[in-house]
Amino acid sequence: MAILTLEAAAFQERSTSLKRFIIKDAFFKNLTFAAALLVLSILFGVFLSLIIGSVPAFTAFGLDFLTTQSWNPVTEKFGALAPVYGTVVTSLIAMGIAVPVGIGIAIFITELCPAFLRKPIAIAIELLAGIPSIIYGIWGLFVFAPFLQQHIQPAIIGAFSGVPFLNDIFAGPPYGIGVFTAGLILAIMVIPFISSISRDVFETTPSVLKESTYALGCTTWEVIWNVVLPYSRAGVLGGVMLGLGRALGETMAVTFVIGNAHKIAASVLAPGTTISATIANEFTEAVGDIYTSALIALGLILFVITFIVLAAARYMLARMEVKTR
Amino acid sequence: MSAIYARRLNKNRIWLGLSVGAAAFGLFWLVLILGTLIWNGLAGLSVDVFTQMTPPPGGSGGLLNAIVGSLVMTVLAVAIGTPIGVLAGTYMAEYGRYAKLTFIVRFINDILLSAPSIIVGLFVYEIVVVPMGHFSGLAGALALAVIVIPVVVRTTEDMLLLVPNTMREAAAALGAPRFFLISRVIYRAAKAGIITGILLAIARISGETAPLLFTALNNQFWNVNLNAPTPSLPVVIFQFALSPYEDWQRLAWTGALIITVAVLSLSILARAVTVKGVER
C-alpha cells in the first residue's frame with residue numbers, strides 16, 4: 001500500500017514537472033517567434049513611419065516634388081530633384097572607381113598574393129570598411145579636399161578646358177569640396193565591400209576548373225577572365241549592388257565634403273547635395289510641418305531606392321550560395 | 001605563333017600588374033587615413049580630454065561628457081538589441097529553420113543590415129521623439145538598438161546553424177526539452193560566435209553619427225539623464241569639425257582618433273574571439 005502511494009506521488013511529480021517543461025518550452029518558442037516578428041515589424045515600421053511623415057509634403061506638392069529643383073524654406077517650396085541628382089551622381093562616380101579597384105584587389109588576394117601576405121592584406125582592406133564614416137568625413141574635409149583643391153582640380157580643369165562637353169563637366173573654380181570629392185571619398189569607403197565579397201565568391205571557384213584551364217596552357221589572366229569571373233558573376237554583381245547600397249545611403253562622410261548647395265550644376269567640381277546630407281544638415285533646424293515633411297519624404301525616396309538595390313544584391317548573393325552548395 | 005604567345009603574356013602582365021596596383025591603391029588610403037588621423041589626433045591628446053567637459057569656443061576642455069554619453073547609449077542599445085537579436089536568431093536556426101517566415105525574416109534582416117543609418121534616425125524620430133515631444137538619450141539608444149538587432153540576428157543564426165545536429169540529438173535523447181536543449185547546449189556551443197556578433201555590433205554603433213543627430217541631439221553639459229538630450233562622441237566630432245574654431249577642430253581630431261582606436265580594437269577582438277571559438 002505504501003509503495004503504491006509512493007509510486008503515485010512520483011508519477012504526480014513527474015507529470016507536474018513535465019507540464020512545467022511544456023509550458024516553459026511553449027513560452028520560449030513564442031518568445032523567439034515574437035522576436036523574429038519584431039525584426040519584420042521594424043522594416044514595416046520604417047516604411048510606415050516614413051510614408052505617414054511624408055504625407056503633408058506629397059499632398060502639398062504632389063508628384064512635382066520628384067521633378068522640381070527649388071528648395072526654399074522661406075516660401076516653403078520644396079523639390080527633391082537636386083538631392084536625388086546628387087545622390088545618383090556621387091554614387092556613380094564612386095562605383096566607377098570602386099568596382100574595378102575592388103575586383104582588382106580581390107583578384108590580387110585570391111590569385112596572385114603570396115600565401116603569407118594573403119591574410120594580413122585581406123584584414124587590412126577590411127579595416128578600411130570598419131572605419132566609421134565620420135572619420136572619412138573629417139579626413140575628407142581637412143586633408144583630402146584641400147589637397148584636391150590645390151593640386152588635382154586645377155590640373156583637371158586645365159586639362160579639359162579645350163575639350164567640348166568635358167569642359168562643362170570639369171568646369172572651375174576648384175572649390176575642393178563638391179560632388180566630385182564626395183564621390184571619391186565614397187569610392188574609398190565602398191572598395192572594401194566589393195573586394196571582400198568578390199574575394200569570397202572567387203574562392204568558391206572549384207580548383208579543378210582552374211587547374212584544368214591552366215593545364216590547357218592558359219595564362220593566369222585568361223583563367224581569371226574565362227573561368228573565375230564567369231563562375232562568380234552573380235556573386236560579384238551582388239557585392240557591387242551591396243556597395244552601391246552603401247554609397248547611396250552614406251551620410252556623414254558626404255555631409256562633410258559635398259558643400260550642401262541645393263542646385264544641380266553641370267560641373268561635378270561644383271558643390272551639390274545628396275538626400276542623406278540634406279537630411280543630416282537641415283532636419284534639426286527645419287521649422288514648420290511642410291519643411292520637416294519634405295525632409296522625411298526625401299528619406300522615403302532614399303529608403304525605396306536603397307531597398308530595391310539591396311534586395312537585388314541579396315537576390316544575387318543568394319543565387320550564388322545556392323550554386324556553391 | 002610566338003607573336004601570339006608574346007601578346008598573351010603581355011596581356012597577362014598588364015592585367016595582373018593592374019590588380020597589384022589596385023591592392024596598393026587600397027592599402028595606400030588605409031595608411032594615409034590612419035596616418036593623418038594619428039598625427040592630428042595625438043597632437044590634442046591629453047588627460048584633459050578624458051576629464052573635462054566639452055568647452056565653449058576658445059575655452060579649454062575635453063570630451064568627458066561626450067564619451068560618457070556615448071558609453072551610456074551604447075550599453076543601453078546593446079542591452080535592448082542583443083536579447084531581441086539572439087532570440088530572433090534562435091527562432092530562425094532552431095524552431096523555424098525551415099519555416100517560410102525564416103526566409104522572409106532573413107531577407108528583411110539582411111536589408112536592415114545595410115540600410116542607411118540616417119533612415120533609422122528618421123524612424124526613431126517619428127516613433128519616439130515626436131510622441132515624447134523632445135530629444136532624448138533614450139531615443140538615441142533606441143536608434144542604435146535598431147542597428148544592433150540585424151547584426152546580432154545574422155551572426156546568431158549563422159553560429160547556431162554551425163552547431164552540429166548530433167549535439168541536438170544527444171540532448172534530445174536524454175530527454176531534454178527544447179528550451180533546455182537550446183539554452184544549456186546550443187548557446188554554450190555557439191557562445192564565442194554570439195559574442196563576436198555582439199562585439200561587431202558595438203563596433204558598428206560606436207561610430208554611428210547619423211541616427212543620433214535628431215534623436216539624442218547633443219548637449220554641452222554633463223548629463224546622464226536619458227530623458228534629456230545626450231551628447232555623444234560622433235555628434236560632438238561632427239559639430240566641432242564643422243565649426244570655425246581651431247581648438248574645437250583639434251578636439252574633433254582627438255575624438256576621431258579615440259573612436260577609431262575603439263572601433264578597430266573591437267573588431268580585432270571580435271576576430272580573436274572567433275578564431276578561439278573555431279579552434280576549440
Side-chain angles (χ1 to χ4, degrees), chain A residues 21 24-25 28-29 31-33 35-36 38-40 42-43 45-46 49-50 53 101 104-105 107-109 112 121 124-125 127-128 130-135 138-139 141 143 188 191 195 219-222 242 245-246 249 251-252 256 276 279-280 283-284 296 299 302-303 306-307 310-311 314, chain B residues 8-9 11-12 15-16 18-20 22-23 25-27 29-30 33 36-37 84 87-88 90-92 95 101 104-105 107-112 114-119 122-123 126-127 146 149 153 177-179 203 207 209-210 213-214 217 234 237-238 241 252-253 256 259-260 263-264 267:
Chain A
F21 276 151
K24 269 192 190 171
D25 205 23
F28 189 65
K29 182 180 176 177
L31 198 64
T32 61
F33 184 72
L38 187 69
V39 174
L40 273 192
I42 289 176
L43 186 94
V46 172
S49 69
L50 290 179
V101 173
I105 291 174
I107 291 175
F108 174 77
I109 292 174
L112 298 174
I121 290 184
I125 298 281
L127 284 184
L128 262 181
I131 297 176
S133 61
I134 189 157
I135 310 298
I138 189 172
W139 175 81
L141 179 67
V143 181
I188 300 172
I191 286 171
S195 69
T219 61
T220 307
W221 173 250
E222 283 162 349
L242 216 55
R246 179 168 194 199
T251 309
M252 298 322 293
F256 272 100
S276 48
I279 301 173
F283 198 79
T284 44
I296 294 176
L302 176 65
F303 194 50
T306 47
F307 185 89
L310 292 173
R314 292 298 167 184
Chain B
R8 285 173 58 197
L9 283 177
K11 200 171 162 190
N12 189 40
W15 284 106
L16 295 188
L18 283 177
S19 82
V20 175
F25 184 77
L27 290 177
W29 295 113
L30 181 70
I33 291 172
T36 42
L37 184 64
I84 297 173
L87 285 173
T90 307
Y91 176 81
M92 293 158 74
Y95 288 109
L101 178 70
I104 302 171
V105 172
F107 181 74
I108 297 297
N109 188 64
D110 280 349
I111 286 179
L112 285 177
S114 21
S117 55
I118 193 152
I119 301 290
L122 283 179
F123 168 58
E126 287 275 290
I127 65 159
V146 172
I149 290 172
V153 169
R178 203 105 185 247
F179 78 91
T209 319
L213 285 174
F214 28 82
L217 204 68
I237 293 173
F238 179 54
W253 274 111
I259 286 191
T260 311
V263 169
L264 292 188
S267 36

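Chain naming here is simple, since letters A, B, ... match the order of the sequence lines and numbering starts at 1 in each.
- Both the backbone and the side chain of B:I33 come within less than 4.5 Å of a heavy atom in chain A.
- Heavy atoms of B:V20 lying under 4.5 Å from chain A belong to its backbone as well as its side chain.
- Using a 4.5 Å cut-off between heavy atoms, A:I109 makes no contact with chain B at all.
- Paired with A:S195 under the rule side chain to side chain contact (heavy atoms under 4.5 Å, CB included), one option of A:L128, A:I107, A:I105 passes, and it is A:I105.
- Of the atoms belonging to A:V101, heavy atoms from both backbone and side chain fall under 4.5 Å from chain B.
- Taking each heavy atom of B:L37 and B:T260 in turn, the nearest pair found is CD2-OG1, 3.1 Å.
- With a 4.5 Å cut-off on non-hydrogen atoms, B:L213 touches chain A through its backbone and its side chain both.
- Heavy-atom distances place the side chain of B:V263, and not its backbone, under 4.5 Å from chain A.
- The shortest side-chain heavy-atom distance between B:T90 and B:F179 does not fall under the 4.5 Å cut-off.
- Interface residue B:F238: backbone and side-chain heavy atoms are both found under 4.5 Å from chain A.
- Proximity to chain A involves both the backbone and the side chain of B:F214, based on heavy atoms less than 4.5 angstrom apart.
- The parts of B:S114 that come within reach of chain A are both its backbone and its side chain, each placing non-hydrogen atoms under 4.5 angstrom from that chain.
- Between A:F28 and B:R178 the shortest side-chain heavy-atom distance does not fall below 4.5 Å.
- Listed here is the closest heavy atom pair of B:G207 and A:P132: CA-CB, 3.7 Å.
- For B:L112, the part lying under 4.5 angstrom from a heavy atom of chain A is the side chain only.
- Both the backbone and the side chain of B:A256 have a heavy atom closer than 4.5 Å to some heavy atom of chain A.
- To the nearest 0.5 Å, atoms CZ (A:F303) and CG (A:L310) are separated by 8.5 Å.
- Per-residue counts of heavy-atom pairs under 4.5 Å with chain B were compared for A:I296, A:T220, A:T284; the largest is that of A:T220.
- When all heavy atoms are compared, the tightest approach of A:V39 to B:I108 is O-CG2, 4.3 Å.
- The two atoms that bring A:S276 and A:T251 nearest to each other are CB-OG1, 3.5 Å, heavy atoms only.
- Of all heavy-atom pairs between B:L87 and A:A35, the closest is CB-CB, 3.6 Å.
- Both the backbone and the side chain of A:I138 come within contact range of chain B, with heavy atoms under 4.5 Å apart.
- Among the candidates A:L302, A:I131, A:L31, the residue making the largest number of heavy-atom pairs closer than 4.5 Å to chain B is A:L302.
- The part of A:L141 that comes within reach of chain B is its side chain, from C-beta onward, which places non-hydrogen atoms under 4.5 angstrom from that chain.
- Interatomic distance, B:T209 OG1 to A:I135 CD1, rounded to the nearest 0.5 Å: 8.0 Å.
- The candidate from B:I111, B:D110, B:I84, B:V105 with the greatest count of non-hydrogen atom pairs under 4.5 Å with chain A is B:D110.
- Listed here is the closest heavy atom pair of B:V153 and B:A88: CG2-CB, 4.0 Å.
- For chain B, the option among A:G245, A:G45, A:S133 with the highest count of heavy-atom pairs below 4.5 Å is A:G45.
- Put simply, the side chain of B:M92 does not reach to within 4.5 Å of the side chain of A:T32, judged on heavy atoms.
- With a 4.5 Å cut-off on non-hydrogen atoms, B:L18 does not touch chain A at all.
- At a 4.5 Å heavy-atom cutoff, the contact between A:I191 and chain B is made by side-chain atoms alone.
- Here the straight-line distance linking atom CZ of A:F21 with atom NZ of A:K24 works out to 6.5 Å at 0.5 Å rounding.
- Across A:G104, A:G249, A:G53, the residue that shares the most heavy-atom pairs under 4.5 angstrom with chain B is A:G104.
- Most heavy-atom pairs under 4.5 Å with chain B, from the set A:T306, A:L50, A:L112, A:L127: that is A:L112.
- With chain B as the partner, the residue from A:I279, A:V143, A:I125 showing the most heavy-atom pairs under 4.5 Å is A:I279.
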